[in-house]
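So you know, we letter chains A, B, ... as the sequences are listed, proteins then strands, and number each from 1.
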Number of protein chains: 2
Amino acid sequence: MIDENGFNEEEFLKNYDAKKYERPSVTNDIIIFTTEDKEESNPRKMPRKGMQVLLIKRKEHPYINQWATPGGFVRMNESLVEGLKRELKEETGVDNVYTEQLYAFGDTDRDPRTRVISIANMALIPKNSINPMAGDDAKEVAWFWVNKKLIKNDWEKENIEKIYELELKSIDDSVKIIYEIKETISKDIFRRRKVKYSLLEESTDLLAFDHYKVIDCGIDKLREKIEESPIAFNLLPRLFVVKELQYVYESIMGKEILNFRRKIGNMIVETDEKIEGKPYRPAQVFKFNENWEREF
Amino acid sequence: MIDENGFNEEEFLKNYDAKKYERPSVTNDIIIFTTEDKEESNPRKMPRKGMQVLLIKRKEHPYINQWATPGGFVRMNESLVEGLKRELKEETGVDNVYTEQLYAFGDTDRDPRTRVISIANMALIPKNSINPMAGDDAKEVAWFWVNKKLIKNDWEKENIEKIYELELKSIDDSVKIIYEIKETISKDIFRRRKVKYSLLEESTDLLAFDHYKVIDCGIDKLREKIEESPIAFNLLPRLFVVKELQYVYESIMGKEILNFRRKIGNMIVETDEKIEGKPYRPAQVFKFNENWEREF
DNA sequence: TGAATAGTGTCTATTAGACAATATGCG
DNA sequence: CGCATATTGTCTAATAGACACTATTCA
């Protein structure tokens, strides 16, 4: 097959100059989610859970000393997924993590160094399976409690406007970052639009780059997916108690769930195996049902 | 704020060498969907509809003379969305099109020229709003009927295996491209995996690059979104008849819908305006209800 | 008038939500 | 025992599916 220059494909490729055009850099960004027990004064009661994300404190320009989601440049000889798994391994020391691609962020001015396109991903891991410091050197790494909640829902205007608050709080309570997210739903031809993200004054710090958008996007996706596929199990150890699983769901969905055991159905099965060091009452131990079926 | 080299941010940026690392190329790929009337012998009956995608025939290596989804390289001075809109304008001559980002494809060997990462997008346009040849020169452009259907659903194995057929057929019936898609759902920790795409023998041609994956991904997304937001209106002119809208939904969802008018509820409103040249019976003309509300 | 679209009524089966009642295990 | 978790029962309201019946329009 010959082109208009009389080249066959082999010749064409030999003459192709990949350097001809300037190219953007591409990074993988990862929002590493986990769930963690919240305070519970009653020792006989199963503590409720909250969501956490892993952030790193940047040690370089730009955005030096600000918190950011982990990630890094995609190398030429690795696929997006391979690069993602490599980053995860470096950052958390863990293989075999559930990940899901979220969105490609590509504004021209997101990074002052150069044109950077970031592929945002989320990862779900059980809290105690990892040691975030593991892979890395002196980098400061920390878990942040994360919460996104609707604080205003305005039906008055022609466009429905919803205001959310995205709160990130370091576990030692020293850092607090709060964004306000204005979302309008313009009904001309029904689109949801994030119109405005703004940092609230209570914040003691702020996130690097446009990482507030990345995290916001990740929370939305996580909430959406948790209802349609059993990804919650990626946030728990292999063995658990029903209430524990329920609290994982509740922490993500941000509301209490009734009739939980019925809803989860035969997605979980009892097992005789014992969880060590979990003295909650009936302590009926469950695991994910490998033979679970549902209609597709 | 000073880094370990004693630089402030300004100095750091001045010394930053963007050329230091090799970078991948990034393209926007667009699956342009529309719906079109199918054959209907009875002139008094509203014809049912089918889905079509716009493909271009490549005039250059690699994959010369093969059909591909339109798209192009993202320029350094434009955002992903700006690049996408530019491509759409060039390809179809239309502004103001509904688009949605789908997925970033990033395998290392997708393009023999060089490392290319493609951001796949879908676009929805009413068929008669555009003239695909418009923007462009000698490029061959054509609408293809597109259909994806489940042809086998195997519950026997430990992993559920589903087999789909993705069929693309040029409107003049001269080109027919059929892929078989094997999808397994491994239930260890519930993931859907496209394991295998293979071209069927009946095909008279094949798609360039991994564009079968891109189109497959687009159809899935379209089917998913049509049920949760009123994007179907982007496939019709402003004024339409209920049955017409119903047939758009049916063509995308691939099945008949009962009680359609009740399901669509007050998402549409009657109007006195006339559609020119649409002699279907009661011809009750509707449009999208700008004041439509639903719970979020 | 007849055929095709539009709108309404209604029956049934299924499902979600709410909550009461009961069982179980452990300190 | 008392409390917290686990399981079952049941009532109600809401919803989806199916289909029949009526209205409207236009060649």
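In this view, Arg261(A) satisfies the side chain to side chain donor-acceptor pair (under 3.5 Å) rule with no residue, not counting sequence neighbours.
To the nearest angstrom, P of dT5(D) lies 5 Å from NZ of Lys243(A). If you take NZ of Lys45(A) and P of dG25(C), they are 22 Å apart, rounded to a whole angstrom. Between Gln246(A) atom CD and dA4(D) atom P the separation is 15 Å, expressed in whole Å. Rounded to a whole Å, the CD atom of Glu227(A) is 17 Å from the P atom of dT15(C). Across the protein-nucleic acid pair, Glu270(A) atom CD and dG25(C) atom P stand 10 Å apart, rounded to whole Å. Between the CG atom of Leu245(A) and the P atom of dA6(D) there is a distance of 10 Å, given to the nearest Å. Rounded to whole angstrom, the span from the NZ atom of Lys274(A) across to the P atom of dG25(C) amounts to 10 Å. Atom C1' of nucleotide dC26(C) and atom CE of Met46(A) are separated by 14 Å, given to the nearest angstrom.
We find that Lys127(B) and Asp37(B) are not joined by a salt bridge, their nearest charged nitrogen and carboxylate oxygen being 4.0 Å or further apart. Under the 4.0 Å criterion applied to side-chain N and carboxylate O atoms, Lys152(B) and Glu180(B) are not assigned as salt-bridge partners.
Here Phe240(B) and Phe233(B) bring their ring centres to under 6.0 angstrom of each other.
With hydrogens and angles ignored, a donor-acceptor pair closer than 3.5 Å exists between the side chain of Arg44(B) and the base of dA3(C).
The backbone N or O of Val285(B) lies less than 3.5 Å from no partner atom in the side chain of Thr271(B), so there is not a single donor-acceptor pair.
Of all the residues in residues 256-264 of chain A, Leu258(A), Asn259(A), Arg262(A), Lys263(A) reach under 4.0 Å from DNA chain C with at least one non-hydrogen atom.
Closest contact between the side chain of Val241(A) and the listed nucleotides dA6(C), dA4(C), dT5(D) involves dT5(D). Relative to the side chain of Asn42(A), the nucleotides dT7(D), dA4(D), dA6(C) differ in distance, and dA4(D) lies closest.
When side chains are defined from C-beta on, Lys287(A) counts as touching Val269(A), because their heavy atoms get closer than 4.5 Å.
Ring geometry for Tyr179(A) versus Tyr212(A): interplanar angle under 30°, hence parallel rather than tilted (30 to 60°).
Contacts of Glu40(B) with the nucleic acid, taken as non-hydrogen atoms under 4.0 Å apart, are absent.
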